[in-house]
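Atoms within a ligand are numbered from 1 in the order they appear, just like the ligands themselves. Scope of the values below: all heavy atoms of this structure, side chains included, with no hydrogens, waters or symmetry mates.
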Amino acid sequence: MKLYYTHEKGPHMQIEVVADNAALGRAAAERILQTYADRELQVLGVATGGTPATTYRELTKRSEGRLSTLRLAALDEYVGLPADHPASYTTFVLEQIAKPLGIPAGQVGVPRAEAHDLVAAAASFEQQLRDNGGVDLQILGIGSNGHIGFNEPGSQADSRTRAVKLADRTRRDNARFFDSIDDVPREALTQGIGTILEARRILLLASGERKAAALAHAMEQAPSADCPASWLQRHPDVLVIADEAAASALSNRPEINTEA
Ligand code: F6R
């Protein structure tokens, strides 16, 4: 049984709450495979980071090679890291998503943050998204400060792919992927909020207590640049899959789906 969240202030995102990150991975993979089975998935937008790792593992296990024709579109990339750096998002998407799913590198698009001209790289990434017919299903994570992609607080609803400065909190949160915080880049090239909102469907994944306040803000307060994920309320088809810890600050607590 799936229980969906409704909030008295109305327009709302749907949410499914599951026990933990392992159950989140199973529920998200199932959702992605269902979209594919419905013939509504050709371009999958992929988040990187810690939260979706179980989702990609489950997807690999359950898809048995069926997804190899998909195109993948990444959300963002660090500026100042070579694309083949172990902590780059290009490496993440190729090694942790494309390769296990049998998707050739030629079907993978990541913003080219190594480019000398970041304005041109942003425009060409947006052009590539359009050329591929847009994103059918966008997987998102949420930052502890409410960011989606690397759209930090202050990001407006109509923002497009662009170079941004990373918030100190984001750099601290992501230091775990680097030898030290000094190695965490200070800038990134990210899809904008307006770019993300053009995806046909959105699947927002939230795991852990560290995300609880940001998720409650995103779902229960009026959309604003203070919490960029709150702009998702303007999208007509968003499903949030959260584990119990990430859902713990919601004022209208949905029951937990124990079958996921
Ligand atoms: C990653 C991305 C970010 C992350 C967010 C959560 O491509 O765009 O918005 O989704 O920072 O990261 P984790 O899952 O590592 O907590």
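Counting atoms of ligand 1 from 1 in the listed order, those under 4.0 Å from a heavy atom of Arg210 are 16 (O).
For the pair Gly50 and ligand 1, the shortest N or O to N or O distance falls below 3.5 Å. Taking any N or O of Asn174, backbone or side chain, none lies under 3.5 Å from an N or O belonging to ligand 1. When only interatomic distances are considered, the shortest N/O to N/O separation between Tyr89 and ligand 1 does not fall below 3.5 Å. Close N/O approach between Gly149 and ligand 1 is found [any backbone or side-chain N/O within under 3.5 Å].
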Can you give me every donor-acceptor pair (side chain of residues 45-55, partner residue at least two apart or in another chain, under 3.5 Å) with its distance?
{"residue": "Thr54", "atom": "OG1", "partner": "Asn21", "partner atom": "O", "Å": "3.1"}
{"residue": "Thr54", "atom": "OG1", "partner": "Asn21", "partner atom": "OD1", "Å": "2.8"}

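Distances from ligand 1 to the non-hydrogen atoms of Arg176 include at least one value under 4.0 Å.
Considering each of Gly141, Gly45, Ala74, the one bringing a non-hydrogen atom nearest atom 10 (O) of ligand 1 is Gly141. Considering each of Asp76, Ile142, Ile196, Asn21, the one bringing a non-hydrogen atom nearest atom 8 (O) of ligand 1 is Asp76.
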**OP:** Take Leu250 and Glu220 through the test side-chain contact (heavy atoms from CB on, under 4.5 Å) and record every step on the way to the result.
**Re:** CA-CA 8 Å; Leu250 292 171; Glu220 296 186 339; 3.8 Å; yes
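Residue Thr195 forms a side-chain contact (heavy atoms from CB on, under 4.5 Å) with just one option from Arg162, Gln138, Arg160, and that option is Arg160. Partner of Tyr78 under the ring pair (Phe, Tyr, Trp, His ring centres under 6.0 Å) criterion, chosen from Phe177, Phe92, Tyr89: Tyr89.
Residue-level proximity to ligand 1 for Leu75 is carried by the side chain, the only part with a heavy atom below 4.0 angstrom.
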